[in-house]
Amino acid sequence: MAKYDFREIESRWQRTWDERGTYRVPNPGDPGFDDTKPKKYILDMFPYPSGKGLHVGHPLGYIGTDIYSRYHRMRGANVLHPMGFDSFGLPAEQYAVDTGVHPAVFTERNIENYRRQMKAFGFSYDWDRSVATTDPGYFRWTQWIFLQLFSSWFDDELNKARPISELVNELEAGHRSADGIMWQNLPVADRRSYLDSQRLAYIDEVPVNWCPALGTVLANEEVTADGRSERGDHPVYRRPLRQWMLRITAYADRLIDELDLVDWPESVRIMQRNWIGRSEGAHIVFEVEGHVSPIRVFTTRPDTVFGATYMVLAPEHPMVDEIIPPAWPDGTKPSWTLGIANPSDAVGAYRMATSRKSDRDRQVDERQKSGVFTGTFALNPLNGERIPIFIADYVLMGYGTGAIMAVPGQDPRDWEFAESFELPIIRTVQPPQDFDGDAYTGEGPAINSGFLDGLDVAEAKSRIIRWLEINGHGEGTITYKLRDWLFSRQRYWGEPIPILHGPDGELRAVPEADLPLELPEVEDYRPHASDDENADPTPTLAKAPDDWKYVEIDGIRWERELNTMPQWAGSCWYYLRYIDPHNDAVLVPPEAERYWMGEHGVDLYVGGVEHAVLHLLYARFWHKVLFDLGHVSTPEPFGRLFNQGYILADAFQDERGVYVEADEVVEVDGTYTHKGEDVTRVYGKMGKSLKNSVNPDDIFIEYGVDTLRLYEMFIGPLDTSRPWSTRDIVGVHRFLQRLWRNFVDEETGDLLVSDELSTGDLQVLLHRTIDAVTRDMENLHFNTAVARLFELNNALVSEPLVPADVASVVPRLLAPLAPHIAEELWFRMGKAESIVTAPWPVFDENLISVETTTMVIQVNGKVRDRIEVPVAITESEAVALALVSAKVLAHTGGAEPRKVVARLPNVLSIVV
RNA sequence: GCCGGGAUGGCGGAAUGGUAGACGCGGCGGACUCAAAAUCCGCUGAGCGCAAGCUCGUGUGGGUUCGAGUCCCACUCCCGGUACCA
């Protein structure tokens, strides 16, 4: 008996590969390292090890990178293909709160489970290089990078980060001033706060999303559109808080410009550009009637300033209180006042009304513009016109200067506001003749604009900016949507921020020698939750024992920073640690870093598109800082990015819309029931929220790993989402069964391989398959690679014995896709070395050509006949053959061709 | 609204401007079997036709071309991102 016993074959080879260390790869300088080989660094986005384990949808990308890695090993590359765990995060902490089990214990258990599941997929990871972000030996270096950020500043002139000690040197030498003040003239305390304000990691008071019920601030992406926490649906409040910030905005231009250096999906590059939101324009300074300090606005359309007929401040704008007069001035229209007797009360009432609005309320308001007059006028610097100053919530404090000049003629929002408040509208760009809309935002010559009249928009912009700068009324500028990165969390299960606070507010880095700064034991992991929105966000680490919280240095008591880092921190640099994960002397040794990250960084990075902005932007930012400081050798971390799709599956909802376990649903004649109740079929991403997960273990038992791998690759291109259908798996399983029977006699176990080489059509097919599969491997087109192997395998069914050349090639072409069966056949054919490092087959160009082929004959563009012709046929021969074809004659009526187009030997097109 | 991406048989999907639907699932018919499963063979876009064959056919409508799923213009719908960003 020698049936295809996939369970035995797969478990035996997985064990063997593990024992032999087949997938271990040495670093430069290590024994066994071969520096004549090219390198490939092939990386997966590492997972958060959840308690639920993997379902069949998770490893789609991992299968893809595994195939690509195996292919490149066979092509003779040194392949770095590691896997690790992004193991800090809220679920572990919540589990600890619920069960009393320490997050570290829970995390370790989940990691072990993940590792076991991934090994069962036969992935060729070098597990010796695995990292977990929660390991002290790992987060020691996360903390170290934080200290690099803390100890650096951004030199705008050189457009790069530099050690802050160099700033101090330049200040002391008088080559620079501190905001215009000579260093020597600055009091010592001010020197310190000036330096602190320059660091890439700094403390600032900023408006944050504070969720008292969860007891932490949240990132914007953790807050839903209606202003509640994504986790738990608790209210979230905007309030100013002193928090750690990272100066990612300093890198805004490089983060945009250097996207040109990478081979990424265009959609992701656009998403990053939009997220950074660079817009070029100008600041324009408007004098305020009766006041000393002017108001500065940002606009992308300085060319339209002659049409600025009013001005709007955000309700929270700090200037508002200064400029409100005691009474409404002359010229106040009734519609501007909310019907309230004086400006102060009107502004107060408007603020009350809008501050209670959540972001969603502002949206479903259908963009109805509301606002109120402040009672004060500004002066248009170009034409001296008095223009009323309003506050309105359509102007946001968080963007630009929180103040705008309103040009209703060119801006739809301003137009709408102007109409409801009876404000004048002046067009400053001539719309085309057929334009019948309101605000015109397109191109055209300037009108009603004094010295700008007749200029097109671009020219008018540069002319007015020059005028503003010469006359001291403003300057060209650039603003960004990107904000600095709010980096502190009040949670327990994260990296402690390694900073000490002195009694007088001095900040000091924990000495490198004291890293890692580990988390203290606490009795209660619960965050300091409260239902009082005014409660101070107290970090969970405030519950740490005093001997952790306080450090005595030279008789002075320093307090530890009690905030922890957000979950993004550890994933910002893990790809560097894989290079030498156990090195406790440096983050990454330079020689190995230059080898593995050489040229373009990671050669292939595969993961879900949901990380298009956050993780990928944060990681690029950290990498650039490390690059500036000389710790890495490439400006970009990930040379080539690929987004895999998702596995989708049917899901089922009961009458209340609640999801029910999909594998308990039964179908009878197109209707679906769950425990007797009718349910509705829907469709979505596989996962626990839709209760439609398929456990890979079930598939392994019934069909084996190779089948599952092939199936997931076969059902569609790697970058598109595709539906899971357990029914369809049999197709690929049959393929492997058939392949086995082609090679092995199931009765005797004898190999059915001959000594003869293939000839004729089979030989041509063999070499064409090598060619096609090779190209598919390069392009990650694994679905068509599988299909090619199906075809070749089907051709073998009619052969009594597999010809020797075919027998040598087929397992090797299959090895990246279905490594276990390929290794087994290779072994049975008597090969001493593992197929993992067997050379990838090369096709023979001379053997893919055939002598005859099918020529299509078209008459007036329609296919009328197909005839077998020699590939070397000439045009006159082809035409002669075509004109005697009965099928062709039926359509030409024997007429002479008026025109002949030949793409020989495949197509002959005749026009009559 | 704006920015991306997409739409091909019953289903998943293939197709450097050159034979649309490779490959697989499902379906139909047959072989083997007492029977079933497994396996093997054949057919399987739609319509018309006894047949040879003909007509139609890649979301819709136009266009370029000897020839368009593929290129161009206009539109519909679906998916993703983003949203009062001045």
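Labels below follow one simple rule: chain letters A, B, ... track the order of the sequence lines, proteins then strands, and each chain is numbered from 1.
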| Separation of A:Leu718 atom CG from B:G5 atom C1', in whole Å? | 16 Å
| message | Taking any heavy-atom pair under 4.0 Å as a contact, classify A:Arg898: base, sugar-phosphate, or nothing. | response | nothing
| query | What nucleic acid atoms does A:Arg734 come within less than 4.0 Å of, heavy atoms only: base, sugar-phosphate, or nothing? | reply | sugar-phosphate
| query | Can you find a side chain N or O atom of A:Asn794 that sits less than 4.0 Å from OP1 or OP2 on B:G24? | reply | yes
| request: Considering only NZ, NE, NH1 and NH2 on the basic side and carboxylate oxygens on the acidic side, decide whether A:Arg775 and A:Glu778 come within less than 4.0 Å. | output: no
| query | Touch check for A:Arg273, heavy atoms < 4.0 angstrom, all strands: base, sugar-phosphate only, or nothing? | reply | nothing
| Expressed in angstrom and rounded to an integer, what is the separation of A:Leu60 atom CG from B:G12 atom C1'? | 14 Å
| Does OP1 or OP2 of B:A86 have a side-chain N or O of A:Arg301 closer than 4.0 Å? | no
| note | The reported gap from CG in A:Leu762 to CG in A:Leu796 (rounded to nearest 0.5 angstrom) is 6.0 Å
| Looking only at side-chain N and O atoms, does A:Ser279 come under 4.0 Å of OP1 or OP2 in B:A86? | yes
| task | Report yes if at least one side-chain N or O of A:Asn906 is closer than 4.0 Å to OP1 or OP2 of B:U19; otherwise report no. | result | no
| task | Just call it for A:Asp414: base, sugar-phosphate, or nothing, with non-hydrogen atoms closer than 4.0 Å on any strand. | result | nothing
| said: With a 4.0 Å cut-off on N to O distance, would you call A:Asp303 and A:Arg301 a salt bridge? | reply: yes
| Below 4.5 Å, heavy atoms only, C-beta onward: do A:Phe286 and A:Ile389 meet side chain to side chain? | no
| Should A:Ile701 and A:Arg7 count as side-chain neighbours, where that means a heavy-atom distance under 4.5 Å? | yes
| Residue-phosphate contact under 4.0 Å: A:Arg864 side-chain N/O, B:U55 OP1/OP2 | yes
| said: Just the rounded figure in Å: distance from P of B:C23 to CG of A:Leu796. | reply: 15 Å
| field | Spacing of the P atoms in B:G4 and B:U55 (rounded, Å) | value | 41 Å
| query | Want to settle it: does A:Thr401 or A:Arg788 sit nearer the 5' end of RNA chain B, counting the closest nucleotide to each? | reply | A:Arg788
| request: Send over the distance from A:Ile387 CD1 to B:A86 P, rounded to a whole Å. | output: 19 Å
| request: Could you check whether A:Pro265 gets within reach of a base, just the sugar-phosphate, or nothing at all, counting any heavy atom under 4.0 Å? | output: nothing
| Separation of the C1' atoms in B:G5 and B:U44, to the nearest angstrom | 33 Å
| Between A:Arg734, A:Glu712, A:His733, A:Glu702, which is the residue that forms a side chain to side chain donor-acceptor pair (under 3.5 Å) with A:Thr707? | A:His733
| said: Does the Lys NZ or Arg CZ of A:Arg620 fall within the cation-pi geometry relative to A:Trp275 - under 6.0 Å from the ring centre and within 45° of the axis? | reply: no
| Roughly how many Å is it from NE2 in A:His611 to P in B:G81, rounded to a whole number? | 13 Å
| task | Rounded off to whole Å, could you give me the CH2-to-C1' distance for the A:Trp724 and B:G13 pair? | result | 17 Å
| said: Base of B:G18, side chain of A:Gln858 - is there a donor-acceptor contact under 3.5 Å? | reply: yes
| said: Within 90° of 0 counts as syn, otherwise anti: where does B:G9 fall? | reply: syn
| Base, sugar-phosphate alone, or nothing: which one does A:His891 contact when heavy atoms must sit under 4.0 Å apart? | sugar-phosphate
| query | Looking across every strand, which nucleic acid part, if any, lies under 4.0 Å from A:Gly861 by heavy atom: base, sugar-phosphate, or nothing? | reply | sugar-phosphate
| Toward the 5' end of RNA chain B, by each residue's nearest nucleotide, A:Arg738 or A:Arg722 | A:Arg722
| message | Considering every strand and a 4.0 Å limit on heavy-atom distances, what is the contact class for A:Phe714: base, sugar-phosphate, or nothing? | response | base
| query | Under 4.0 Å between a side-chain N/O of A:Lys862 and OP1 or OP2 of B:G53, yes or no? | reply | no
| said: When the P atoms of B:U19 and B:A68 are compared, how many Å lie between them, rounded to an integer? | reply: 11 Å
